[in-house]
Structure formats: structure tokens, C-alpha cells
Number of protein chains: 2
Amino acid sequence: MPAPDSITDKLDQIQSGRESRGQRTRLGLQEAALRLLGHDKSFSSLSLREVTREAGIVPTAFYRHYQTMEELGQDLVADSFRTLRQMIRSVRTDGLPSSGNMIQGTVQVLVQHIHANRLHFQFIARERFGGYSSLRASIRDEIHAFGQDLATDLAQFPILNRWDPESVQMLTTLMVNTMVSIAEQILEAPANDAAAEAEIVRRAERQMVFISLAVPAWKPKAAKPA
Amino acid sequence: MPAPDSITDKLDQIQSGRESRGQRTRLGLQEAALRLLGHDKSFSSLSLREVTREAGIVPTAFYRHYQTMEELGQDLVADSFRTLRQMIRSVRTDGLPSSGNMIQGTVQVLVQHIHANRLHFQFIARERFGGYSSLRASIRDEIHAFGQDLATDLAQFPILNRWDPESVQMLTTLMVNTMVSIAEQILEAPANDAAAEAEIVRRAERQMVFISLAVPAWKPKAAKPA
DNA sequence: GGTGTTAGTGAACGTGTGTACACATCCTAG
DNA sequence: CTAGGATGTGTACACACGTTCACTAACACC
């Protein structure tokens with residue numbers, strides 16, 4: 001395969017140990033911040049020195065990677081939603097588990113993903129209405145984009161396919177709100193309390209079923225042109 | 001009416017100018033904190049000195065009223081939900097406006113109340129998942145209590161009156177979530193943008209109508225004994 | 001193999017913070 | 001009128017903070 005140097009090769013050249021030194025400590029800063037947010041702290045009450053201390057680095061080295069804490073926050077937002085998009089994509093290719101019931105499968109995937117990325121979700125939940133307005137804006141936009149993504153998946157249902165776009169968006173907003181609420185409940189529940197969590201899941205499923213019952217009764221404004 | 005000294009009289013004795021000095025500056029601290037939260041700041045990133053400075057008081061005087069900032073926060077939570085309960089009570093006695101349509105009336109009252117108590121709502125939204133776990137817990141409990149309150153009002157509908165309690169709670173949870181979402185959208189929208197706000201209200205009403213469509217289709221577990 | 005860029009270090013600064021303490025002022029009760 | 005508790009003041013200290021600067025170490029490239 002005498003292919004010419006690709007972008008991937010270029011990247012590999014920079015990497016000495018899987019990642020360049022810079023990338024590694026940059027990642028270290030992100031993880032340090034997330035770890036600190038796990039305890040009782042909001043991002044805006046997190047100090048630069050605290051983060052660098054947790055990352056095992058001298059405070060001034062922070063500036064090699066970010067001009068300000070707000071920039072770190074933006075990076076964390078982007079990262080969190082990147083993993084969320086991976087979740088959607090994997091569902092699209094591999095399908096849902098417990099394939100008989102779509103709602104149960106969806107909730108199950110969501111909960112698993114929350115557990116696998118607990119700190120990311122905690123960060124998003126905490127900063128969605130936190131101190132930095134730029135972070136609030138980014139998160140709002142990302143959640144909206146997630147809703148749009150969900151809408152395209154929902155289009156597989158013939159009924160919804162004939163709805164006007166605004167009605168579809170209303171449905172997705174409602175579902176996203178529910179999913180956000182589920183995430184927040186899971187995060188707030190005492191970790192490792194399986195019983196409490198099962199109860200949350202059960203209620204969430206009932207709630208989603210309830211919402212779905214409204215679908216056949218809804219009269220969209222105008223049929224979508226075929 | 002030669003009634004004996006009542007509690008009210010006792011209170012009046014303490015008050016020199018409508019409120020005792022202590023009460024006044026205590027209130028000053030609360031308002032100062034709320035004002036500061038209006039700008040880009042979360043409560044946990046608010047410093048004791050900042051609050052006292054805004055309140056026009058020397059830092060050490062803070063301790064005459066609260067042991068810690070967290071205590072101030074608890075006071076603010078209690079205050080915010082006290083005004084919320086007033087809203088419910090006034091609706092119960094005076095009824096909804098635009099009495100023809102219950103959903104429109106409800107949304108209208110909510111939005112008016114948010115504007116009249118913008119800072120309180122902003123505080124709650126910001127601290128619902130903010131840095132202090134004790135505040136998160138208090139807010140969660142208060143919201144839950146609000147839902148219970150709503151449930152009793154919903155019981156005026158005969159259909160719901162025959163639902164099992166858990167189904168009713170699911171409905172109220174869904175409605176409370178929607179109302180919280182409305183509040184958050186209103187707060188996040190640029191203040192004094194009437195058009196944007198009208199759009200939010202319109203969408204919220206549609207969403208509430210949609211939810212209500214599921215009610216007739218829902219099959220509660222068991223009929224409530226008459 | 002030397003050289004220049006990139007990433008991390010260490011000391012130092014001015015400023016803001018929480019809290020302790022002794023003191024001044026207000027207001028009420030006797 | 002005055003004694004005493006409640007409320008607010010001013011000073012002081014030890015510490016954490018963000019940011020500066022000159023420095024060293026690591027690594028990529030010719």
C-alpha cells in the first residue's frame with residue numbers, strides 16, 4: 001500500500017506516546033476539573049490554582065493551554081456533547097437493546113451512558129444554568145442540536161413524518177426535556193443505590209409512554225407535502 | 001374590642017420603622033446577594049465580602065445574621081418558594097385570568113410571576129444544580145411539594161380524580177417540569193424582548209395542550225375507591 | 001548534532017478573602 | 001435614666017488567588 005502520507009500519518013509523527021505531551025496535560029487539566037466538580041463545587045467557583053494542583057502541574061503552565069478558565073469550560077462542553085453524539089451514532093448503527101420496546105431501550109441506553117460518563121453529565125447539569133453565560137449559551141445550542149438529531153430519528157415513524165416541522169420540534173423538545181430530567185434525577189440520586197435508580201427508570205418509562213399516548217390525538221397544523 | 005395583646009402587637013413593639021434594624025439589614029443581605037446573582041455569577045462563587053459590600057455593610061456584620069453563606073442560601077430558597085406559594089394561593093382565591101382557557105391562564109400567571117420575581121427565579125434556576133448540595137436538596141424538596149400542591153388543584157377534574165395516586169403524580173411531575181422549563185427559557189431570553197417571549201409562551205401553551213391530549217388515553221393502574 | 005519551538009518550572013507581586021477581636025452604637029426593659 | 005443585649009464598625013492576620021517574568025527541560029526538524 002504505497003499510499004501518500006495522510007493526515008493520520010502527520011498526526012502520528014507528532015505523537016510520541018500515543019499523544020503529544022501537550023495533549024496529555026491538556027487532557028489532564030480537563031479531567032482534573034471534572035473530578036473537582038464531582039465534589040460540591042460549581043465550575044465558576046473553581047480556581048485556576050485548584051485545577052492545576054489537582055492536575056499535578058504548576059499554576060502558570062495552565063496558560064500554555066487556555067487563556068482563561070472559561071475556555072477550559074468551553075472545551076469541556078464540547079467534549080461532553082461529543083460523547084453524547086457517539087451514543088446516538090452507536091444506537092443508529094447497532095440498534096437499541098431490548099428491541100421489543102423502544103422506550104425501554106432508549107431509557108436503558110441513556111442511563112448506561114450517564115453512568116459511563118457521570119462526570120461529564122454532572123458538569124453539563126451544573127453549568128446549564130451556572131455562572132458563565134457563554135457556557136450556558138453553548139450548552140443550550142448543543143441541547144437544541146441534540147433535539148434536531150432526535151427529530152431525524154423520529155422521522156422513521158410514518159405518523160410523525162406527516163407532521164409539520166414545528167409540531168415535530170415540540171415533540172422532540174418534550175422528549176429531550178424528559179431525558180434531561182432523567183439525567184438530573186439519576187445524578188442526584190445516591191450513587192450505587194440500585195433500588196432508587198430502578199424506581200427512577202420505571203417512572204421515566206411510564207412518563208415517556210404517557211407522552212407517546214398524545215401523539216395519535218395531536219392535530220398538526222398542516223400535512224407535510226409528500 | 002378589648003382583646004389581649006396578640007402576637008402581632010408583640011411584633012409591632014419590636015418594629016421601630018416597620019421592621020427592626022436587624023430584620024432590615026438581614027433583608028439587605030438577601031437582596032444584595034440576589035442582585036449580584038443577576039450578573040454572571042453563581043451563588044457558590046459569591047464571596048461573603050462581596051455580599052456585605054453590596055449591602056453597604058462591614059464584612060464582620062454578616063455573622064450577626066448568618067453563620068455561613070450556605071445559611072444565607074437556605075434563606076433565599078425559603079423566600080423564593082414562599083412567594084411561589086403566594087402565587088398558587090392567589091390563583092385559588094381569585095381564579096385564573098382569561099378564564100375561558102385554563103392552559104393559557106396558567107401560563108400567563110406563571111410568566112407574570114416570573115417577571116415580578118425575576119431574581120428569585122434566577123437564583124433557584126442557578127442553584128437547582130449548583131454547587132451547594134444542601135441547597136440542591138432543599139430546592140428539590142420544595143419543587144416536589146409544589147407538585148403535590150398542584151395535584152390537589154388537579155383533583156377538581158373528575159377524570160383525574162379516579163386515577164391512582166402514582167399516575168397523578170406522574171402528570172404533575174410532567175407539568176412541573178414543563179413549567180420549570182418555561183421559567184428557564186424566559187430567564188434565558190434577552191430581557192424586554194417581547195417578541196421572543198411571546199414565541200416562548202406560544203410554544204409552551206402548545207406543549208401543555210399536547211400533554212393534556214394524553215390524559216383521556218391513559219389507563220391508570222386501578223380506579224381510586226370512591 | 002545543533003537549533004528553535006513548545007511545554008513546564010519557580011519565585012515574586014498585588015489583591016481579595018474568611019475570620020478573630022476589641023470597640024462603638026443603637027434600642028429596649030426595668 | 002440607665003444597664004445590657006443586639007447590631008454594626010475598624011483593625012489585623014494568615015492565606016489563597018490570578019498573573020508577571022525569567023528560567024529550564026523536552027521534543028521536532030534541518
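Here is how names work: the chains are called A, B, and so on, in the same order as the sequence lines, proteins then strands, and each is numbered from 1.
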Exercise. For the pair A:Glu205 and A:Arg202, find out whether any cationic side-chain nitrogen is under 4.0 Å from an anionic carboxylate oxygen.
Key: no

Quiz item: Below 4.0 angstrom, N of the basic side chain to O of the carboxylate: do B:Arg128 and B:Glu142 qualify?
Solution: no

Quiz item: More than 12 heavy atoms of other residues, nucleotides or ligands under 6.0 Å from CD of A:Gln156: is that the case?
Solution: yes

Quiz item: Would you find more than 12 non-hydrogen atoms of other residues, nucleotides or ligands less than 6.0 Å from A:Asn192 atom CG?
Solution: no

Quiz item: [X] side-chain donor-acceptor pair to [N] base, under 3.5 Å:
X       : N      : answer
B:Arg64 : D:dG8  : yes
A:Arg21 : C:dG8  : no
B:Thr60 : D:dG10 : yes

Distance in angstrom units between [X] [atom1] and [N] [atom2], rounded:
X       : N      : atom1 : atom2 : result
A:Arg49 : D:dT20 : CZ    : P     : 13 Å
B:Gln23 : C:dC26 : CD    : C1'   : 16 Å
B:Ile57 : D:dA6  : CD1   : C1'   : 14 Å
A:Phe62 : C:dG8  : CZ    : P     : 13 Å
A:Tyr63 : D:dC21 : OH    : C1'   : 13 Å

Quiz prompt | Shortest non-hydrogen contact from B:Ala55 toward B:Leu29 | solution = CB-CD2, 3.9 Å

Practice problem: Decide yes or no for B:Val51 and B:Ile57: does some side-chain heavy atom of the first lie under 4.5 Å from some side-chain heavy atom of the second? | Solution: no

Quiz item: Between residues 65-78 of chain B and DNA chain C, which residues have a heavy-atom gap below 4.0 Å?
Solution: none

Quiz item: For DNA chain C, which residues in residues 33-47 of chain B have a heavy atom at a distance below 4.0 Å?
Solution: B:Ser47

Quiz item: Under 4.0 Å: is that the gap between some side-chain N or O of B:Thr25 and OP1 or OP2 of D:dG8?
Solution: yes

For [X] and [Y], test the side chains for any donor-to-acceptor distance below 3.5 angstrom and give the result as yes or no.
X        : Y        : value
A:Ser181 : A:Gln185 : yes
A:Thr173 : B:Gln207 : no
A:Arg92  : A:Thr152 : yes

Quiz item: NA contact type, A:Arg53, heavy-atom cut-off 4.0 Å: base, sugar-phosphate, or nothing?
Solution: sugar-phosphate

